[in-house]
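Written out below as structure tokens is the structure these notes cover.
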2 protein chains.
Amino acid sequence: MEAGKRITTRDIAERLGLSVSTVGRALAGDPRISTETRHRVEREAAELGYVGNQAARMMRGASSKVIGLMVPDVGNTFYSTAAHALAQCMSRQGYQVMLCETGDDRDNELAQVRGMIAGQVAGVIVVPTPNPRGETVRLLRQVPHVQLLRTHPDLARQSFGIDDRQVLRDATRHLHDLGHTRIAYLGGPAGLSTGERRLAGYLDVVGDRDAGLVAHVPPGSAEDTRRELARLLDGPDPPSAVVAASVRITEGVLEELASRCVAVPRELSVVGFGDELGFGWWGPGLTTMALPVHEVATACSMWLLQRLRDGDEPAPFVSSTGGYLRERGSTAPPAAGR
Amino acid sequence: MEAGKRITTRDIAERLGLSVSTVGRALAGDPRISTETRHRVEREAAELGYVGNQAARMMRGASSKVIGLMVPDVGNTFYSTAAHALAQCMSRQGYQVMLCETGDDRDNELAQVRGMIAGQVAGVIVVPTPNPRGETVRLLRQVPHVQLLRTHPDLARQSFGIDDRQVLRDATRHLHDLGHTRIAYLGGPAGLSTGERRLAGYLDVVGDRDAGLVAHVPPGSAEDTRRELARLLDGPDPPSAVVAASVRITEGVLEELASRCVAVPRELSVVGFGDELGFGWWGPGLTTMALPVHEVATACSMWLLQRLRDGDEPAPFVSSTGGYLRERGSTAPPAAGR
DNA sequence: CTGAAAGCGCTAACAT
DNA sequence: ATGTTAGCGCTTTCAG
């Protein structure tokens with residue numbers, strides 16, 4: 001299938017009876033090279049399909065034009081949206097994206113970081129796992145990086161995220177304002193920076209009153225979400241409303257409610273997290289918090305690229321963008337009987 | 001933020017009073033090195049946070065442990081599903097994924113290929129654009145690669161895809177068997193290998209009878225799909241059923257039908273392409289063709305990794321996996337009046 | 001304007 | 001069991 005050997009500057013030099021340095025200079029557009037020689041070189045290079053060897057350039061200290069992106073799972077639209085935004089920004093500026101999935105596992109995360117460092121990435125955009133290994137932190141510190149969506153205190157002091165607390169506060173307040181007093185919260189496992197802020201936003205509105213209605217769902221499986229929701233609904237004194245605190249959890253909630261044929265919003269009001277495609281079709285239309293993931297990811301990559309260009313030590317910087325409520329049909333005042 | 005200098009074998013060697021080759025051999029687990037020395041080296045390496053320089057290794061002929069993945073758009077769940085499958089396979093085998101978006105633009109595609117070749121990827125998994133540039137083809141041929149989901153005749157003779165023709169034949173037959181005689185087809189632009197096969201599958205069932213009901217939608221925008229569908233529905237003698245021939249088009253169809261409040265399946269039956277999250281929630285539940293994208297992508301990456309391991313020239317090989325009909329509520333026999 | 005040579009970090013052949 | 005040397009492809013002095 002492939003021709004094995006790659007064309008090098010030396011191939012071009014020999015074929016033209018020049019030295020490698022002349023060829024190299026011509027290709028680099030060095031003004032000292034005569035226009036005619038430069039053209040000959042360029043033509044030959046195009047002819048042979050020459051592509052420079054990035055590894056060799058990097059050994060000479062060139063930066064790599066590769067940005068590492070570490071996300072828990074690109075299968076999750078939350079992160080594939082971010083990956084898409086990044087890929088666009090990066091390619092526009094001549095950078096490439098090295099995609100790494102951590103699966104939210106710290107050892108996996110470390111292995112991936114090792115790979116990126118070994119591959120000499122120019123910078124890293126990381127959605128850190130809840131509790132990264134010390135070595136992961138040390139390695140990441142060797143390279144310009146920025147945190148996306150989640151933050152861990154030991155990593156870069158620069159981060160771009162969603163204002164998780166505001167998002168959940170607004171979601172919860174919407175239900176509160178409708179008159180709900182038993183609002184259940186379905187969130188991710190404890191220990192995640194975002195999870196804590198989302199819970200705080202919820203508690204901002206309900207106080208400690210509904211502590212019994214807070215459920216922490218293990219990550220990953222939709223089944224867990226469905227089970228937790230079922231537990232809440234089947235328990236004594238069930239909630240009249242539910243807020244979901246992640247995209248995955250929202251999906252699980254929607255599936256469970258659809259399969260149980262719960263009458264939304266008559267029996268139960270629901271507010272989702274994120275506005276994925278299809279949320280508008282669900283039942284009466286899902287009222288949900290729309291999140292600017294694409295915009296945040298774009299800003300994040302712009303910032304990193306700029307920082308790579310400047311080269312200087314950046315000041316601590318935390319960007320936190322809010323979401324907004326998109327009202328559809330899944331919320332209403334609680335039924336009279338409750 | 002970062003400590004600038006990376007630790008090299010030489011740093012370790014100097015600190016331990018050894019030569020670089022001894023250090024290199026110790027790190028590589030060469031049996032000639034005494035266990036004690038090896039331990040000293042390993043400890044020091046761990047201490048300093050040594051990570052080998054992949055660029056230097058590659059200059060010595062080592063392969064890069066990086067697989068390039070070229071897709072039109074990771075924002076499309078069709079491809080993010082594939083990316084997820086790949087990332088999992090690859091990381092399990094110690095490989096990394098370089099993610100490239102072509103945006104279905106051939107010049108962009110060429111630029112991305114250049115970047116991958118320059119970066120010395122070990123192999124490439126490509127979803128080719130409809131009409132790649134000659135240079136793109138020449139460059140890809142220099143490196144082990146395989147085609148995913150789409151195929152272009154000038155690229156690798158190895159490909160993993162969906163049996164597009166069967167998928168659309170089954171979708172259309174389902175409507176035909178229900179008694180529909182005016183079945184509209186909404187597909188991608190002409191020129192794409194998959195588009196032609198999907199259209200062929202449709203025509204296998206309807207013959208040339210419904211040629212007036214075939215609409216080609218430009219890629220990318222949901223608006224185009226909605227407009228084409230509107231044109232068909234508002235035209236004289238409108239269809240009693242619609243088949244969609246891509247995920248994006250399916251999404252556009254669902255949005256348009258929802259916003260028009262078309263009574264599905266009473267006024268119009270619909271069969272979708274792919275079974276994305278939320279398709280089951282839409283209206284009466286979307287009857288659709290479920291596609292094994294994850295499985296196909298997994299098989300594809302396994303094959304490529306195996307091929308890299310073997311090193312030998314592979315035989316032409318085309319894998320084409322079928323989909324199956326998932327019946328939900330959006331299809332029914334045509335209304336009496338039609 | 002162009003050529004010769006050194007060196008980036010690593011490994012493999014060739015010495016001890 | 002360890003050290004020395006050469007060279008991968010490229011850029012960058014330093015010499016013409």
Side-chain angles (χ1 to χ4, degrees), chain A residues 3-42 44-45 48-65 114-115 117-122 142-143, chain B residues 3-42 44-45 48-65 114-115 117-122 142-143:
Chain A
K5 291 231 53 79
R6 211 90 93 204
I7 306 298
T8 72
T9 46
R10 194 169 136 186
D11 295 323
I12 299 177
E14 280 175 358
R15 219 163 285 232
L16 258 43
L18 292 169
S19 74
V20 277
S21 18
T22 303
V23 172
R25 280 194 274 253
L27 258 21
D30 191 306
R32 292 175 302 183
I33 300 301
S34 74
T35 345
E36 194 221 322
T37 307
R38 207 185 62 229
H39 283 145
R40 285 208 304 145
V41 170
E42 282 168 350
E44 194 70 15
L48 297 172
Y50 168 79
V51 178
N53 184 333
Q54 185 63 21
R57 277 199 261 262
M58 275 157 61
M59 291 207 56
R60 302 273 323 159
S63 108
S64 76
K65 296 283 175 189
R114 280 230 180 78
I117 300 286
Q120 313 269 87
V121 292
Q142 289 183 15
V143 78
Chain B
K5 292 233 51 82
R6 210 89 94 210
I7 306 298
T8 73
T9 46
R10 194 168 136 187
D11 295 324
I12 300 176
E14 280 175 358
R15 219 164 283 234
L16 258 46
L18 292 169
S19 74
V20 278
S21 25
T22 305
V23 172
R25 281 194 275 251
L27 258 20
D30 191 307
R32 290 175 303 183
I33 300 301
S34 74
T35 346
E36 195 220 322
T37 307
R38 207 184 64 229
H39 282 145
R40 284 208 305 147
V41 170
E42 282 168 351
E44 194 70 14
L48 296 171
Y50 167 80
V51 178
N53 183 332
Q54 185 63 19
R57 277 199 262 261
M58 275 156 61
M59 291 208 55
R60 304 271 326 158
S63 106
S64 76
K65 294 286 175 186
R114 280 230 180 78
I117 301 286
Q120 314 268 86
V121 292
Q142 291 183 13
V143 75

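In what follows, chains carry the letters A, B, and so on, assigned in the order in which the sequence lines appear, proteins first and then strands, with residues in each chain numbered from 1.
The structure places CZ of Arg38(B) at 8.5 Å from OG of Ser34(B), a figure rounded to the nearest 0.5 Å.
At a cut-off of 3.5 angstrom, counting only N and O atoms as typed in the model, there is a donor on one side and an acceptor on the other between the side-chain of Arg60(B) and the base of dG7(D).
Between the side chain of Ser64(B) and the main chain of Gln120(B), a donor-acceptor pair closer than 3.5 Å is present.
Heavy atoms of Arg32(A) sit under 4.0 angstrom from at least one base atom.
In this structure, Val20(A) and Thr9(B) both approach DNA chain C, and ranking their closest nucleotides by distance from the 5' end singles out Val20(A). DNA chain D is contacted by both Asn53(A) and Val23(B); Val23(B) maps to the nucleotide lying nearer its 5′ end (nearest heavy atom per residue).
Atom pair Glu14(A):CD and dG9(D):C1' shows a separation of 13 Å (rounding to whole Å applied). Atom P of nucleotide dC8(D) and atom CG of Asp11(A) are separated by 12 Å, given to the nearest angstrom. Between Ile12(A) atom CD1 and dT11(D) atom P the separation is 11 Å, expressed in whole Å. For Arg25(B) and dG3(D), the CZ to C1' distance is 8 Å, given to the nearest whole Å. Summarising the geometry, the separation between CE on Met58(A) and C1' on dC8(D) is reported as 15 Å, rounded to the nearest angstrom. Gln54(A) places its CD atom 13 Å from the C1' atom of dT11(D), with the value rounded to the nearest Å. Between the P atom of dA1(D) and the CD1 atom of Ile33(B) lies a distance of 8 Å, rounded to the nearest Å. At whole-Å resolution of the value, CE in Met59(A) and C1' in dT12(D) are 15 Å apart.
Of all the heavy atoms in Met58(B) and Ala55(A), the pair that sits closest is CE-CB, 4.0 Å. In plain terms, the two heavy atoms of Leu48(B) and Arg15(B) that are nearest each other are CD2-NH1, 3.8 Å. Between Leu27(A) and Tyr50(A) the shortest heavy-atom distance is CD2-CE2, 3.7 Å.
Here the options are Thr9(B), Leu18(B), Thr22(B), the test is side chain to side chain contact (heavy atoms under 4.5 Å, CB included), and the partner is Val41(B); only Leu18(B) passes.
Chain B approaches DNA chain C over the interval dG9(C) to dA13(C), counting the first and last nucleotide 5' to 3' with an atom under 4.0 Å from its heavy atoms.
Between Ser21(B) and dT5(D) there is no side-chain polar atom (N or O) within less than 4.0 angstrom of OP1 or OP2. Proximity of Tyr50(A) to the phosphate of dG9(D): no side-chain N or O atom is located under 4.0 Å from OP1 or OP2. For Thr22(B) and dA1(D), the shortest distance from a side-chain N or O to OP1 or OP2 is not below 4.0 Å. Under 4.0 angstrom from either OP1 or OP2 of dG9(D) there lies no side-chain N or O belonging to Thr8(A).
Picking from dG9(D), dG3(D), dC10(D) the nucleotide with the shortest atom distance to the side chain of Ser19(B) gives dG3(D).
In this structure, the side chains of Arg40(B) and Leu16(B) come closer than 4.5 Å at one or more pairs of heavy atoms.
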